[in-house]
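Take a look at the structure set out below.
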Amino acid sequence: GYQKILEENRKLYNQLQDLKGNIRVYCRVRPSTDGQPSPVSNMDEGSITLVVPSKNGKEGKKTFSFNRVFGPSSTQGEVFSDTQPLIRSVLDGYNVCIFAYGQTGSGKTHTMTGPDNSTEETVGVNYRALRDLFHLSEQRKDTIHYDISVQMLEIYNEQNRSVGATALNDRSSRSHSCLTVHVQGRELVSGNSLRGCIHLVDLAGSERVDKSEVIGDRLKEAQHINKSLSALGDVIASLAQKQSHVPYRNSKLTQLLQDSLGGQAKTLMFVHVSPEPDALGETVSTLKFAERVSTIELGAARVNKDSAEVKELKEQIAGLKAASVRKD
Ligand code: ADP
Ligand code: MG
């Protein structure tokens with residue numbers, strides 16, 4: 001009945017969002033670990049309400065709305081299935097960026113990678129995305145040939161470095177880790193080609209670090225994290241204001257995400273919330289940031305597709321360039 005209509009509406013809304021290329025925001029609240037009454041007083045499919053102390057000493061309520069809210073009992077499978085169409089669009093030639101935001105301990109790595117010793121049931125978005133992309137490309141092999149390459153990167157203190165597969169299990173909360181999948185496709189009959197790319201990013205913890213409490217390496221880490229997360233905020237803000245200059249170059253993180261964070265790409269932010277009363281301050285600032293992000297309209301996402309003729313021309317140009325380099 002009613003539930004079904006709501007569900008249909010949400011699907012339609014998300015499809016519209018797909019067309020418009022907005023930044024989608026999904027909020028996920030992890031299960032409580034301390035059993036204390038939570039400031040999260042209500043959740044439904046698309047909103048979360050917090051009880052917050054107000055200035056006059058009384059309690060007030062604040063509701064935040066998102067494309068989707070996943071409560072503590074949501075499963076990894078449910079989270080993935082709402083993300084799958086976005087991930088699959090990479091094989092149609094879109095650039096996609098999915099990032100996990102939230103304070104340390106709020107469940108970012110759980111969503112993206114899964115818990116230690118994950119099972120088929122508890123494994124996170126990254127593994128499910130890879131498996132799904134390989135599976136779907138295999139299914140399409142009679143009409144389109146895909147080349148898929150996968151790369152793991154970790155950004156620690158503004159330095160990029162390539163890391164091995166073992167680092168997929170790295171639980172560091174002070175670096176950003178990024179799984180990137182590049183896709184090239186060629187339609188067998190038409191010869192048309194396409195390119196797509198997806199970044200799956202587990203961001204460093206977003207908590208504000210009290211400068212008086214940390215020194216040395218920890219202070220340096222905190223400053224780098226602040227720099228990259230505020231650069232991310234600046235990029236998002238300037239996209240929202242449709243400024244002609246978007247400051248991608250201000251951090252390694254935004255440089256890395258440049259091609260997948262902007263008008264022509266599809267972006268999804270998983271914003272993570274801890275339900276404990278101790279986390280309330282961070283929870284409020286996380287949700288405020290996320291709500292700002294969710295209001296951004298980027299215009300239609302664009303597919304990276306060349307006709308066989310354009311592809312041939314590009315190859316000729318590349319060939320001419322290579323020939324002229326050889327001559328020099
Ligand atoms: P973060 O990466 O944001 O620092 P983690 O993903 O490491 O946080 O989560 C902190 C702890 O909470 C881990 O033990 C994790 O397994 C657990 N956890 C997080 N989210 C969930 C969830 N949705 N369901 C069950 N356990 C979770
Ligand atoms: Mg983590």
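Computed from a predicted model, the values in this text were never measured in an experiment. Counting convention: from 1, in listed order, for ligands and their atoms alike.
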Under 4.0 Å between a side-chain nitrogen and a carboxylate oxygen: does that hold for [X] and [Y]?
{"X": "K288", "Y": "E291", "result": "no"}
{"X": "E78", "Y": "R28", "result": "no"}
{"X": "R140", "Y": "E187", "result": "no"}

Run the numbers for me: atoms of ligand 1, each under 4.0 Å from some heavy atom of [X], listed by number.
{"X": "T104", "value": "4 (O)"}
{"X": "K108", "value": "1 (P), 2 (O), 3 (O), 4 (O), 6 (O), 8 (O)"}
{"X": "Q103", "value": "3 (O)"}
{"X": "R28", "value": "23 (N)"}

Give a yes or no on whether T109 keeps an N, O or S atom under 2.8 Å from the Mg ion (ligand 2).
-> yes

Ligand 1 contacted by G102 (non-hydrogen, < 4.0 Å) | no

Just checking, R68 and F70: is the charged tip under 6.0 Å from the six-membered ring centre and within 45° of the axis?
-> yes

Report yes if P72 has an N/O atom closer than 3.5 Å to an N/O atom of ligand 1; otherwise report no.
-> no

Is there any N or O on P115 that sits under 3.5 Å from an N or O of ligand 1?
-> no

Proximity of P31 to ligand 1 by residue part, where a heavy atom lies under 4.0 Å | side chain

Within a strict 4.5 Å, meaning less than it, do heavy atoms of the C27 and L287 side chains meet?
-> yes

The single option from E276, H272, H110 passing side-chain hydrogen bond (donor to acceptor under 3.5 Å, both in side chains) against R30 | E276

If you measure only the distance, is there a donor-acceptor pair under 3.5 Å linking the side chains of S106 and S274?
-> no

